[in-house]
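First the proteins, then the strands, lettered A, B, ... as listed; each starts at 1. These numbers come from a predicted model, not from an experiment.
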Protein chains: 2
Amino acid sequence: MIISDNLKMYVQKLRSSNLRPTKQRLKICKFLFDRKKTFHFTVETLNKKINKSGTSKVSLATIYNTVEAFTSAGYLKEILTSKNKSYYDTNIKSHHHFYDEGSKELTDIHYSQIKLSKVPVPPKGKKIKNLEVVIRIQK
Amino acid sequence: MIISDNLKMYVQKLRSSNLRPTKQRLKICKFLFDRKKTFHFTVETLNKKINKSGTSKVSLATIYNTVEAFTSAGYLKEILTSKNKSYYDTNIKSHHHFYDEGSKELTDIHYSQIKLSKVPVPPKGKKIKNLEVVIRIQK
DNA sequence: TATCTAGTTTATAATAATTCTAAACTAGAA
DNA sequence: TTCTAGTTTAGAATTATTATAAACTAGATA
Ligand SMILES: [Mn+2]
Ligand SMILES: [Mn+2]
Ligand SMILES: [Zn+2]
Ligand SMILES: [Zn+2]
């Protein structure tokens, strides 16, 4: 993940996906991708963070639209481990997760931390799109 | 899974979990567990099946209550692989799943069909509650 | 630079799944 | 038979998400 003060990189990225680099999208890009470490979030938490300090607001509809657009474009990964709520991941590499049932937080497990020595063949006519391990943890 | 014409077994099972064997719960037990093979369902599909033919109706609230009670009691397993909707599994043994993104159907992968030769240690103070592999498939 | 238009944002309504509420009902202990 | 805690139920409320449609804007073109 590259840290940048200017937004040229995001402008290009968005253009390459046929997404206009609007000020809302760039603000969200900056928040999501201008950091050393990837992280997990929900629309709810993203909305709070984006609309925190007195800056110009981004509507909830746009937060939803943007998260959806970024997921389709492959900038985000959707994680379905929690009931009634989608999580998103700025780490788009293939990897696994711990899911803490208490705190409802996801933690990455690097791809290499889990080794599958035996995997079944998918049903006839179907292809494997991805394989993910979720380890549910508790106190 | 034992097939039974009489309901004594379910009555006992329910009593042992401090659940009164009401006619609604027994009807749902019969539908869920009186079969050779386990299966996956949603509250929506269960509700339709339970309330199909002219028999006395079970309210949707009771379907929800019962699925929740049976999951807590360990008769059902909740599967969170789909957006905005919980799936449930009458197979409560530890096992894995194919999830078909097209048909939105789950298929069991027997525990022995996947071998994990390397698994990470959980974070300090946390215990592994379960580990599940989901293989998303597509045409 | 001014104009134009498809794409975007937004407030708000609509939908879908689920949970809550509180009144009526019932299993089963006493 | 009586009593009561547990259960069922219809319907309301809540939560996350998606749809709608009017106002706005990026950026291509004149
Ligand atoms: Mn979900
Ligand atoms: Mn939902
Ligand atoms: Zn992750
Ligand atoms: Zn299963």
Side-chain angles (χ1 to χ4, degrees), chain A residues 7-8 10-31 40-51 55-73 75-76 78-88 104 106, chain B residues 7-8 10-31 40-51 55-73 75-76 78-88 104 106:
Chain A
L7 299 173
K8 282 185 188 167
Y10 299 131
V11 172
Q12 283 184 347
K13 201 176 176 178
L14 291 168
R15 286 234 176 80
S16 77
S17 307
N18 288 307
L19 296 171
R20 286 190 185 167
T22 63
K23 70 175 194 299
Q24 291 88 343
R25 285 174 179 162
L26 288 169
K27 186 177 186 183
I28 294 171
C29 267
K30 211 165 169 316
F31 178 79
H40 307 99
F41 64 92
T42 62
V43 167
E44 191 192 0
T45 61
L46 180 61
N47 186 45
K48 275 180 194 152
K49 297 279 180 64
I50 288 290
N51 290 310
T55 56
S56 67
K57 297 279 180 284
V58 178
S59 76
L60 181 60
T62 295
I63 304 276
Y64 271 104
N65 290 342
T66 303
V67 166
E68 154 67 21
F70 286 9
T71 303
S72 288
Y75 308 159
L76 292 173
E78 191 174 11
I79 310 278
L80 304 169
T81 33
S82 179
K83 203 173 182 175
N84 301 336
K85 197 180 262 189
S86 283
Y87 280 63
Y88 295 88
K104 298 186 178 181
L106 288 162
Chain B
L7 299 172
K8 283 185 186 167
Y10 299 131
V11 172
Q12 283 185 348
K13 201 176 175 176
L14 290 168
R15 285 235 176 79
S16 76
S17 306
N18 288 308
L19 296 171
R20 286 189 185 166
T22 63
K23 70 175 194 301
Q24 291 87 345
R25 284 173 179 164
L26 288 169
K27 186 177 187 184
I28 295 171
C29 269
K30 211 166 171 318
F31 178 79
H40 307 99
F41 64 92
T42 63
V43 167
E44 191 193 1
T45 61
L46 180 60
N47 185 47
K48 275 181 193 152
K49 296 278 181 65
I50 288 290
N51 290 310
T55 56
S56 67
K57 296 281 180 284
V58 178
S59 75
L60 181 59
T62 295
I63 304 276
Y64 271 104
N65 290 341
T66 303
V67 165
E68 154 67 20
F70 285 9
T71 303
S72 288
Y75 308 158
L76 292 173
E78 190 174 11
I79 310 279
L80 305 168
T81 34
S82 179
K83 203 174 181 174
N84 301 335
K85 195 180 264 188
S86 282
Y87 280 63
Y88 296 88
K104 299 188 175 177
L106 288 162

Chemist: Could you check how far CG of B:Asn18 sits from C1' of D:dA5, rounded to whole Å?
Modeler: 12 Å
Chemist: Rounded off to whole Å, could you give me the CG-to-P distance for the A:Asn84 and C:dC20 pair?
Modeler: 11 Å
Chemist: On the ring face of B:Tyr10, is B:Lys30 found with NZ or CZ under 6.0 Å from the centre and within 45° of the axis?
Modeler: no
Chemist: Tell me whether the OP1 or OP2 atom of C:dT18 has a side-chain N or O from B:Tyr64 closer than 4.0 Å.
Modeler: yes
Chemist: What's the closest nucleotide to the side chain of B:Arg25 if the choices are C:dT18, D:dT8, D:dA16?
Modeler: D:dT8
Chemist: Can you tell me if A:Gln24 touches the phosphate of D:dT25, counting only side-chain N or O atoms and a distance under 4.0 Å to OP1 or OP2?
Modeler: no
Chemist: Of the candidate nucleotides C:dA27, D:dT8, C:dA11, which contains the atom at the shortest distance from the side chain of B:Pro21?
Modeler: C:dA27
Chemist: From NZ of B:Lys23 over to C1' of D:dT9, roughly how many Å is that when rounded to an integer?
Modeler: 11 Å
Chemist: What's the closest nucleotide to the side chain of B:Arg20 if the choices are C:dA11, D:dA16, D:dA5?
Modeler: D:dA5
Chemist: Starting from C1' on D:dT9, measure out to CG on B:Asn47 and report it in whole angstrom.
Modeler: 13 Å
Chemist: Could you tell me how far apart B:Gln12 (CD) and C:dA27 (C1') are, to the nearest whole angstrom?
Modeler: 17 Å
Chemist: Could you tell me the separation between the CG atom of B:Leu60 and the P atom of D:dA10, rounded to a whole number of Å?
Modeler: 10 Å
Chemist: Side chain of A:Thr22: nearest nucleotide among C:dG28, C:dA11, C:dT8?
Modeler: C:dT8
Chemist: Are side-chain heavy atoms of B:Tyr75 and B:Ser17 found at a separation under 4.5 Å?
Modeler: yes
Chemist: To the nearest Å, how far apart are A:Glu78 CD and D:dT18 C1'?
Modeler: 13 Å
Chemist: Which nucleotide in the list C:dA11, D:dA16, D:dG27 gets nearest to the side chain of A:Glu44?
Modeler: D:dA16
Chemist: In whole angstrom, give the distance that lies between atom NZ of B:Lys27 and atom P of D:dT7.
Modeler: 19 Å
Chemist: For A:Lys57, which contact category applies under a 4.0 Å heavy-atom criterion: base, sugar-phosphate, or nothing?
Modeler: sugar-phosphate
Chemist: Could you tell me whether a side-chain N or O of A:Thr45 sits under 3.5 Å from a main-chain N or O of A:Thr42, the two making a donor and an acceptor?
Modeler: yes
Chemist: Which one, C:dA17, D:dT17, D:dT9, comes nearest to the side chain of A:Val43?
Modeler: D:dT17
Chemist: Can you figure out which of C:dA17, D:dT17, C:dA11 approaches the side chain of A:Ala61 most closely?
Modeler: C:dA11
Chemist: For A:Val67 versus A:Phe41, what's the shortest heavy-atom pair and its separation?
Modeler: CG2-CE1, 4.1 Å
Chemist: Main chain of A:Thr62, side chain of A:Thr66: is a donor-acceptor contact present, judged purely on distance under 3.5 Å?
Modeler: yes
Chemist: Base, sugar-phosphate, or nothing: which does A:Thr62 touch, judged by heavy atoms less than 4.0 Å apart?
Modeler: base
